Amino acid sequence: MSKQIKAILGLLAFAVLLGAAFFAYNVLLDITDAPANIAEAHDIEGNLQRARDFIMEDAMGNEVRLSDFLGQPVVLNFWATWCPNCVLETPYFEALYHEVGNEVKILKVNLIGSRGETRSDVEAFMEAGGYTLPIYFDTTGDGALSYNVMFIPVTFFITAQGYLAATSQGMANEDILRQGIEIIIDR
C-alpha cells in the first residue's frame, strides 16, 4: 500500500472518529426524555449551605441581587434559549409562576452572551411562547460562576432564610419543581 493511500485512510478514519464524537456529544447534550433528579444540598456535616449572593439584571436593565428576594423561598434557574431542555422546561416554570408566584419567587436567570445569546433573542422567545414570568439576566457571568454552573438547565431551591436546600441538574418538570418547592417551604 502506498504512502498516499495510507494517509488518505488515516484521514478518513480520523474524520469518522471526529464525526462520531460530535454526534455522541450532541446526543448527550440534547437528551430530553430524562427529566432531572432533585438532590437535597448539604455540606459534609449535613448542614445547609448559605446561598451565594450575586448581581443580575431585570428585564428593564436594573441591577438586582439574589439577596433582594430573600424572605420568601426562591427557585433559581439558569437557562438559555439555545438550550433545548431549557426551552422544554419553560412552560413548567410559567405554570408554577402563576400558581405560587406570591409564595415562592421564581428567578429564571438567562445566561446572556452564552453562544451569542442576546436580550432580543430572549424577548422574542418569551413573546412567541406567551410567557409572562419575569426574566433576569446574568450579564457578567457572576451568577453562573457563583453556582458553578457547568451545564444548563440547572435549578436551585433556596429557603426563605437564604439556604441552598436542593438542586436539580437537567430539565425540570412539574414533579421536580413541586418536590423542590416542598423542600424549601418545609424548612
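Because the structure is predicted, anything quoted here is derived from the model rather than measured.
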Trainee: Check each of Ile135, Asn77, Leu66, Thr155 against Leu107 using the side-chain contact (heavy atoms from CB on, under 4.5 Å) test, and report the only one that passes.
Mentor: Leu66

Trainee: Output yes when a side-chain donor or acceptor of Arg52 lies under 3.5 Å from a complementary backbone atom of Ser146, and no otherwise.
Mentor: yes

Trainee: Output every pair passing ring-ring contact (aromatic ring centres under 6.0 Å, His included) with a member in residues 123-144, not counting sequence neighbours, ordered by first then second residue.
Mentor: Phe69-Tyr136, Trp79-Phe125, Phe125-Tyr131

Trainee: So, taking the atom named CD in Glu89 and the one named CD1 in Ile152, what distance separates them when rounded to the nearest 0.5 Å?
Mentor: 9.0 Å

Trainee: I want to check something: taking the side chain as every heavy atom from C-beta on, are Lys108 and Leu133 in contact at a cut-off of under 4.5 Å?
Mentor: yes

Trainee: What's the shortest heavy-atom distance between Leu48 and Ala165, and which atoms?
Mentor: CD2-CA, 3.9 Å

Trainee: If you define the side chain from C-beta out and look only at heavy atoms, does anything of Arg119 sit under 4.5 Å from Thr139?
Mentor: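 The answer is yes; the side chains approach within 4.5 Å.
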
Trainee: Any chance the side chains of Glu117 and Asn110 put a donor and an acceptor closer than 3.5 Å?
Mentor: yes

Trainee: Of the non-hydrogen atoms in Asp175 and Asn173, which two are nearest, and what is the gap between them?
Mentor: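 Taking every non-hydrogen atom into account, N-OD1, 3.1 Å.
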
Trainee: What are the two closest heavy atoms between Leu164 and Ile158, and how far apart are they?
Mentor: CD1-CG1, 4.2 Å

Trainee: With a cut-off of 6.0 Å (strictly less than), are more than 12 heavy atoms of other residues, nucleotides or ligands near CG of Asn62?
Mentor: yes

Trainee: Would you please name every residue forming a side chain to side chain contact (heavy atoms under 4.5 Å, CB included) with Glu174, sequence neighbours left out?
Mentor: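 Partners of Glu174 by the side chain to side chain contact (heavy atoms under 4.5 Å, CB included) criterion, ordered by chain and then number, come out as Tyr92, Arg178.
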
Trainee: Between CD1 of Ile185 and CD of Glu103, what distance do you get to the nearest 0.5 Å?
Mentor: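 Rounded to the nearest 0.5 Å, the CD1-CD separation comes to 6.0 Å.
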
Trainee: Rounded to the nearest 0.5 Å, how far does CG of Asn85 lie from CZ of Phe151?
Mentor: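 Taking CZ in Phe151 and CG in Asn85, the distance rounds to 12.5 Å.
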
Trainee: Can you name the nearest heavy-atom pair linking Val154 to Gln169, along with the distance?
Mentor: CG2-OE1, 3.5 Å

Trainee: Between Ser67 and Asp53, is there a side-chain donor-acceptor contact under 3.5 Å, judged purely by atom types and distance?
Mentor: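 Yes.
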
Trainee: Once rounded to the nearest 0.5 Å, what's the spacing between atom CD of Glu63 and atom OG1 of Thr140?
Mentor: 8.5 Å

Trainee: State plainly whether one hydrophobic cluster holds both Trp82 and Val109, where clusters connect Ile, Leu, Val, Met, Phe, Trp and Tyr through side-chain heavy atoms under 4.5 angstrom apart.
Mentor: yes

Trainee: Does any part of the side chain of Val75, heavy atoms only, come nearer than 4.5 Å to the side chain of Ile184, both counted from C-beta?
Mentor: yes

Trainee: Given side chains that start at C-beta, do those of Phe78 and Asp138 come closer than 4.5 Å, heavy atoms only?
Mentor: yes

Trainee: With a 4.5 Å limit on heavy-atom distance, are the side chains of Glu94 and Thr132 in contact?
Mentor: yes

Trainee: Is the side chain of Ser168 donor-acceptor paired with the backbone N or O of Ala172 at a distance under 3.5 Å, no angle test?
Mentor: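 Answer holds: no.
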
Trainee: Within the 4.5 Å heavy-atom criterion, are Ile181 and Val100 side-chain neighbours or not?
Mentor: yes

Trainee: Could you name each residue pair satisfying ring-ring contact (aromatic ring centres under 6.0 Å, His included) that touches residues 97-122, not counting sequence neighbours?
Mentor: none

Trainee: Compare every heavy atom of Ser114 with every heavy atom of Ala80, then report the nearest pair and how far apart it is.
Mentor: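 Looking at all heavy atoms of both residues, the shortest contact is CB-OG, 4.1 Å.
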
Trainee: Could you walk me through whether Phe157 and Leu177 pass side chain to side chain contact (heavy atoms under 4.5 Å, CB included), step by step?
Mentor: CA-CA 9 Å; Phe157 298 90; Leu177 293 173; 4.1 Å; yes

Trainee: Which label fits Phe156 and Tyr147: parallel for a plane angle under 30°, tilted from 30 to 60°, or perpendicular past 60°?
Mentor: tilted

Trainee: About how many Å separate CD of Glu123 and OG1 of Thr81, when rounded to the nearest 0.5 Å?
Mentor: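 These two atoms lie 11.5 Å from each other.
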
Trainee: As a quick check of understanding, evaluate side chain to side chain contact (heavy atoms under 4.5 Å, CB included) for Phe54 and Leu76, giving each step before the final call.
Mentor: CA-CA 12 Å; Phe54 68 96; Leu76 172 64; 4.0 Å; yes

